[in-house]
Amino acid sequence: MGHLGRTAILGLGTFLALLAAAFAADSAFRLHAFVLVLALGVATIYMLRTAPTGDAPAAKDESDYMDGPIRAGVILTTFWGVVGFLVGVVAAAQLAWPDFNIEPFLNFGRIRPLHTSAVVFAFGGTALITTSMYVVQRTSRARLFGGDLAWFVFWGYQLFILLAATGYLLGITASREYAEPEWYVDLWLTIVWVAYLIMFLGTLIKRKEPHIYVANWFYLAFIVTIAMLHVVNNLAVPVSFLGTKSYSLFSGVQDALTQWWYGHNAVGFFLTAGFLGMMYYFMPKQAERPVYSYRLSIIHFWSLIFLYIWAGPHHLHYTALPDWAQTLGMVFSVMLWMPSWGGMINGLMTLQGAWDKIRTDPIIRMMVVAVAFYGMSTFEGPVMSIKAVNGLSHYTDWTIGHVHSGALGWVGMISFGAVYFLVPRLWNRERIYSLRMINWHFWFATLGIVVYAAVMWVAGITQGLMWREYDDQGFLVYSFAETVQALHPYYVLRVFGGLLYLIGGLIMAWNVYQTIRGNVRNERPLVTHTVAQPAE
């Protein structure tokens with residue numbers, strides 16, 4: 001499609017969004033429609049200002065890789081990371097000091113899903129789409145399928161992020177964990193995701209390399225499964241086609257099971273399978289070593305995707321869900337420990353013969369810590385799914401600590417490593433702006449995770465023990481308000497841990513910016529080699 005056609009579609013979209021705002025059934029939909037008008041209007045004006053003049057441009061060389069969307073993705077991955085971490089610090093501060101709740105748009109009830117989606121879908125999702133576009137081209141030796149389809153996928157996903165985020169602040173929510181956008185935003189994401197699947201599969205089909213590298217297996221499983229989960233979990237009937245509200249097709253315990261079938265597998269396929277694809281490509285490339293065991297990677301893949309899909313019911317222990325379904329979720333969760341650790345071992349053992357790089361290469365150091373946190377989280381998760389443990393941990397801050405050790409330790413660190421790997425190569429720079437700043441980022445992020453997770457583990461166990469303590473007459477010893485008061489010091493320390501992690505993200509943003517500009521920092525090497533003197 002030519003420049004004129006793209007501009008016309010954006011202009012038509014702007015006009016239709018304006019009509020939707022004019023005839024909106026409620027004020028929230030009207031405000032959301034005006035957000036869409038603004039976004040599409042700015043895009044239309046940009047396209048008009050950048051219209052080609054004179055002779056038509058020469059045809060593009062289809063033999064080259066398509067790296068334009070990947071460059072934009074690296075920049076926005078960095079941006080969304082900083083935004084997500086900042087909103088997380090604000091949410092943590094609101095729990096420690098309630099005066100930071102600003103009604104109505106910036107209270108905790110709206111900030112918390114904004115933080116979750118900013119980190120998971122904006123930062124994590126953009127990182128996954130960006131790296132998958134890079135990896136599938138290099139491992140297939142083929143340009144992305146569909147021409148401008150890659151740009152549609154990229155900017156279409158960013159529009160979804162914008163609509164979801166503004167919807168949270170406006171109070172527009174479907175009230176579903178990890179799936180809070182309302183029906184019309186869900187429909188848009190479905191269109192974008194189908195285009196993403198077509199682009200990825202088309203690239204694999206036209207590949208020049210006969211073998212499909214294992215990283216692409218994980219990326220493809222992530223794309224296909226998330227599509228299925230998203231469609232089923234978000235089946236709903238809108239009250240009005242120009243209004244925000246809709247009602248789920250499910251109700252009661254069926255609704256709860258559908259939600260956590262989605263919720264746990266969003267973790268399993270979005271935050272695990274997708275980022276394992278990242279690990280299986282970028283870790284061997286940065287270490288300059290082959291994957292330790294390709295056979296183990298295939299076993300890891302098939303066992304992981306088979307077991308993960310059954311583990312969702314462990315989120316519903318001691319509820320109205322039938323006991324056999326709870327037990328099924330627990331058993332499959334415990335079984336997940338084995339393939340998960342198979343992947344961890346495969347990642348760590350890829351460094352066989354190159355362990356010295358941990359001292360000299362901070363990017364490898366980030367990746368090793370990411371894989372270590374992946375191993376730790378995938379051990380802790382099965383333990384927490386056991387009913388006896390879950391009776392203590394569920395609904396407490398222990399779960400929050402577990403989620404963040406995975407999100408910040410595994411997802412965050414492997415994404416940072418991928419960004420640092422990509423930036424010099426995509427902009428043809430000799431090296432990253434500053435290796436020492438990567439080292440600083442590593443330590444700030446690692447300390448932030450350790451502080452955050454440790455205090456949440458202690459807070460969660462304290463919480464669980466206080467909630468279940470009875471006196472000799474069978475009455476609860478502590479009121480809920482007393483448990484909240486006891487946790488205040490831990491909540492303050494959580495803010496501190498989040499701040500450390502945010503500082504690391506800001507350091508990365510500055511490092512990426514300077515690298516793109518072509519600057520190289522004059523600095524001493526991280527490790528100075530000394531020549532040992534012979535003994536006298």
Side-chain angles (χ1 to χ4, degrees), residues 35 38-40 42-43 46 67-91 106 111 113-134 150-169 181 189 192 270-271 274-275 278 282 363 366 407-408 411-427 429 432-434 437-438 440-442 444-445 448 498-519:
V35 170
L38 181 63
L40 294 179
V42 169
Y46 173 80
D67 285 341
I70 303 171
R71 292 190 191 96
V74 166
I75 293 169
L76 282 176
T77 296
T78 307
F79 171 76
W80 288 126
V82 172
V83 170
F85 308 150
L86 175 62
V87 177
V89 171
V90 172
L106 299 178
I111 287 291
L114 178 66
H115 161 62
T116 305
S117 290
V119 173
V120 174
F121 297 116
F123 170 64
T126 304
L128 286 170
I129 291 173
T130 300
T131 55
S132 67
M133 289 180 179
Y134 183 89
W151 280 112
F152 171 77
V153 170
F154 179 78
W155 287 117
Y157 189 75
Q158 300 305 310
L159 180 60
F160 157 72
I161 292 168
L162 177 66
L163 291 174
T166 52
Y168 300 148
L169 295 179
L189 179 60
V192 172
F270 202 98
L271 299 178
F275 288 93
M278 205 181 289
F282 291 103
I363 300 176
M366 279 185 164
L408 303 182
V411 171
M413 292 297 242
I414 198 69
S415 299
F416 299 152
V419 166
Y420 285 129
F421 176 92
L422 287 172
V423 171
R425 289 164 176 81
L426 290 171
W427 277 273
R429 305 298 183 231
I432 202 80
Y433 168 68
S434 171
M437 290 180 74
I438 299 178
W440 277 104
H441 180 192
F442 168 80
F444 272 112
L499 274 173
L500 292 177
Y501 203 85
L502 171 61
I503 291 169
L506 291 169
I507 291 171
M508 179 182 73
W510 179 252
N511 212 354
V512 167
Y513 169 71
Q514 291 291 359
T515 305
I516 292 171
R517 291 191 62 190
N519 297 330

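You'll find the side chain of Phe444 stays beyond 4.5 Å of the side chain of Met508, heavy atoms only. A heavy-atom distance below 4.5 Å is found between the side chains of Trp427 and Val423. Using a 4.5 Å heavy-atom threshold, the side chains of Arg517 and Tyr433 count as separate. Side-chain contact between Gln158 and Leu162: absent, with no pair of heavy atoms (C-beta onward) separated by less than 4.5 Å. Looking at Ile161 and Thr126, their side chains come closer than 4.5 Å, going by heavy atoms from C-beta outward.
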Verdict with supporting geometry, Ile70 and Asp67, side-chain contact (heavy atoms from CB on, under 4.5 Å): CA-CA 5 Å; Ile70 303 171; Asp67 285 341; 3.4 Å; yes
Determine, step by step, whether Tyr157 and Phe152 satisfy the side-chain contact (heavy atoms from CB on, under 4.5 Å) criterion, reporting the C-alpha distance in whole Å, the side-chain angles of both residues, the deciding distance to 0.1 Å, and the verdict. CA-CA 8 Å; Tyr157 189 75; Phe152 171 77; over 6 Å; no
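Considering Val419, Ile75, Thr77, Leu426 as possible partners of Thr130, the one that fulfils the side-chain contact (heavy atoms from CB on, under 4.5 Å) test is Thr77. Test Phe121, Phe123, Phe275 against Phe270 for ring-ring contact (aromatic ring centres under 6.0 Å, His included) and you get one pass: Phe121.
Under the 3.5 Å distance criterion, the side-chain polar atoms of Asn511 are matched with a main-chain donor or acceptor of Ser434. With hydrogens and angles disregarded, a donor-acceptor distance shorter than 3.5 Å links the side chain of Arg429 to the backbone of Ile516. The backbone N or O of Ile507 lies less than 3.5 Å from no partner atom in the side chain of His441, so there is not a single donor-acceptor pair. Looking at Thr131, its side chain never comes within 3.5 Å of a backbone N or O of Met278 through a donor-acceptor pair. Looking at Thr166, its side chain does come within 3.5 Å of a backbone N or O of Leu163 through a donor-acceptor pair. Panel note: side chain Tyr501, backbone Leu408; a donor-acceptor pair is recorded below 3.5 Å.
Ring pair Phe85/Phe416 is perpendicular by interplanar angle, where above 60° counts as perpendicular and below 30° as parallel. Using the six-membered ring where Trp is involved, Tyr513 and Trp510 have ring planes that are tilted, between 30° and 60° apart.
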